[in-house]
Visitor: 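Here you go, one structure.
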Amino acid sequence: MSHFNKILVVIDPTEDNHKALSRALEMSEKHPCDITVFLTIYDFSYEMTTMLSSDERTVMQNAVLEDKKEWLIELIKQTKQNNTNISTEVVWHNRPYESITRAAIEGQFDLVIKSTHKHDSLKSVIFTPTDWHLLRKCPCPVLLVKDHAWPKNSKVLAAVSAGTDDASHALLNYEIINHACFMAGLLQSDTHLINAYPPTPMNIAVEIPEFDTVKYNENMKNHHQTSLSKLALDFNIDDNKTHIVEGLPEDVIPEVARTLDAELVVIGTVGRTGISAALIGNTAEHVIDNLNCDLLALKPPDFISPIKA
């Protein structure tokens, strides 16, 4: 069973309502853990102050860091309502995703929590959001928080690829359900499983007239249903809480989450980077903007981050 004993909370100074910190404190009430509130800051003007020496610029930067640390301490005082152990860390870095990932690795954190919001599609093509970088490069689980509440007796939706023959994906399926069951236990919720399966390739029906599309689709659905039922049985999840839906994951997962009014979706991401990420992307990235609830993204057990401590 998974346990989030050390949580790194990423603060967005532009927000008035710090959803990530609220989520972390909510989790700490249900499951004792240590929380580190983390803030990355950078001001290019401090680097361009040629009238000052390197030491003087360092002193100025340290003064800014200390000021932000005091702000975090005050923020925690205003928000904290229990006896959770909370520390602060403020770093000077021009790439937030890199500083967050490095802090997660060096601090051996079990979970990173960050608030998120809808991205502008054009901007996402030109400047990849910090969220996307974390999904691709942060080795520990990442919880992206939206405004959706966490009521009791709700649903946690685990998105799996039950029909896979790939060993790494099969292990990731178990990690996803394991984490979903853990979170459902914390939140006094039910665990549901969702599996999207691909529609019949229409070009085959055109090129091969005798191809039976109905039979093909039925066989595909039965294959995924059998595989999903086995996964559900392994975790004592009722069959009526499994959902097999034809379509693309980025369409199916948000739709089922909305129908169930899920409070959390747990999904795996392969951490694709470089050209393949730019051209293909990751399922988790496509799902984010279409969800109206929180997203917990996990890496495969053998994932190695391109960012080093």
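Since the model is a prediction, treat every value here as computed from it, not as a measurement.
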Visitor: Count I, L, V, M, F, W, Y as connected when their side-chain heavy atoms are under 4.5 Å apart, and connections chain through other members. Are V252 and L248 then in the same cluster?
Guide: no
Visitor: If I take atom NE2 from residue H93 and atom CZ from residue R102, how far apart are they, to the nearest 0.5 angstrom?
Guide: 5.0 Å
Visitor: Please round to the nearest 0.5 Å and tell me the distance separating atom CD of Q188 and atom NZ of K30.
Guide: 6.5 Å
Visitor: How long is the span from the NZ atom in K6 to the CG atom in N85, to the nearest 0.5 Å?
Guide: 10.5 Å
Visitor: Shortest non-hydrogen contact from T84 to S28?
Guide: OG1-OG, 2.9 Å
Visitor: May I ask you to decide if L135's main-chain N or O and K299's side chain share a donor-acceptor pair within less than 3.5 Å?
Guide: yes
Visitor: Identify whether F303 and L171 are in the same connected component of the hydrophobic contact network (ILVMFWY, side-chain heavy atoms under 4.5 Å).
Guide: no
Visitor: Within the 4.5 Å heavy-atom criterion, are L143 and L264 side-chain neighbours or not?
Guide: yes
Visitor: Please examine the side chains of M27 and L111, heavy atoms only from C-beta on, and report whether any two atoms are closer than 4.5 Å.
Guide: yes
Visitor: If you look at every heavy atom in V287 and I267, which pair is closest and at what distance?
Guide: CG2-CD1, 4.1 Å
Visitor: Check this for me: R258, atom CZ, are more than 12 non-hydrogen atoms of other residues, nucleotides or ligands nearer than 6.0 Å?
Guide: yes
Visitor: Could you check, using the six-membered ring where one of them is a Trp, whether H31 and F182 have ring centers closer than 6.0 angstrom?
Guide: yes
Visitor: Do V10 and T130 touch side chain to side chain, with heavy atoms closer than 4.5 Å?
Guide: no
Visitor: What do the steps show when you test F235 against T191 for side-chain contact (heavy atoms from CB on, under 4.5 Å), and what is the final call?
Guide: CA-CA 10 Å; F235 287 88; T191 303; over 6 Å; no
Visitor: How far apart are the closest heavy atoms of M183 and V156, and which atoms are they?
Guide: C-CG2, 4.5 Å
Visitor: Side chains of D12 and S115: do they bring a donor and an acceptor to under 3.5 Å?
Guide: no
Visitor: Any side-chain to backbone donor/acceptor pair from K146 onto L291? Under 3.5 Å, distance only.
Guide: yes
Visitor: Quick one: does F38's side chain get under 4.5 Å of S99's, heavy atoms only?
Guide: yes
Visitor: Looking at every non-hydrogen atom in both residues, tell me the closest pair between P32 and N5 and how far apart they are.
Guide: O-OD1, 4.2 Å
Visitor: If you count the non-hydrogen atoms of other residues, nucleotides and ligands that lie under 6.0 Å from NZ in K308, is the total more than 12?
Guide: yes
Visitor: If the plane angle is over 60° it's perpendicular, under 30° parallel, otherwise tilted; pick one for H243 and H192.
Guide: parallel
Visitor: Quick one: does Y197's side chain get under 4.5 Å of L228's, heavy atoms only?
Guide: no
Visitor: So, taking the atom named CG in L144 and the one named CG in L295, what distance separates them when rounded to the nearest 0.5 Å?
Guide: 5.5 Å
Visitor: Check step by step if side-chain contact (heavy atoms from CB on, under 4.5 Å) holds for C138 and I100.
Guide: CA-CA 8 Å; C138 186; I100 296 166; 5.6 Å; no
Visitor: Decide yes or no for W71 and L39: does some side-chain heavy atom of the first lie under 4.5 Å from some side-chain heavy atom of the second?
Guide: yes
Visitor: Anything under 30° is parallel, anything over 60° is perpendicular, the rest tilted; go ahead and classify H179 against F4.
Guide: tilted
Visitor: Please determine if R23 and E26 form a salt bridge, counting it only when a charged side-chain N lies under 4.0 Å from a carboxylate O.
Guide: yes
Visitor: Keeping the roles fixed (side chain from N173, backbone from S161), state whether a donor-acceptor pair exists under 3.5 Å.
Guide: yes
Visitor: Do E66 and N62 have side chains that get closer than 4.5 Å, going by heavy atoms?
Guide: no
Visitor: Determine whether I237 and I177 make a side-chain contact, defined as any pair of heavy atoms from C-beta on separated by less than 4.5 Å.
Guide: yes
Visitor: Would you compute the distance between atom CG of D294 and atom NZ of K19 and round it to the nearest 0.5 angstrom?
Guide: 9.5 Å
Visitor: Over all heavy atoms of both residues, which pair between I176 and G268 is shortest? Give the atoms and the distance, please.
Guide: CD1-N, 3.4 Å
Visitor: Assess whether side-chain contact (heavy atoms from CB on, under 4.5 Å) is satisfied between Q225 and T242, documenting all intermediate values.
Guide: CA-CA 9 Å; Q225 182 68 69; T242 63; 3.8 Å; yes
Visitor: Just verifying a value: how many Å separate K137 NZ and I105 CD1, rounded to the nearest 0.5 Å?
Guide: 11.5 Å
Visitor: Are I73 and L75 in one and the same hydrophobic cluster, where Ile, Leu, Val, Met, Phe, Trp and Tyr link if side-chain heavy atoms are under 4.5 Å apart?
Guide: no
Visitor: Quick check: are there more than 12 heavy atoms from other residues, nucleotides or ligands sitting under 6.0 Å from CD of Q108?
Guide: no
Visitor: On a heavy-atom basis, which atom in D261 and which in S154 lie closest, and how many Å separate them?
Guide: O-OG, 3.3 Å
Visitor: Starting from the C-alpha separation in whole Å, work towards a yes-or-no answer on side-chain contact (heavy atoms from CB on, under 4.5 Å) for E218 and K221.
Guide: CA-CA 5 Å; E218 184 180 332; K221 182 177 181 178; 5.9 Å; no
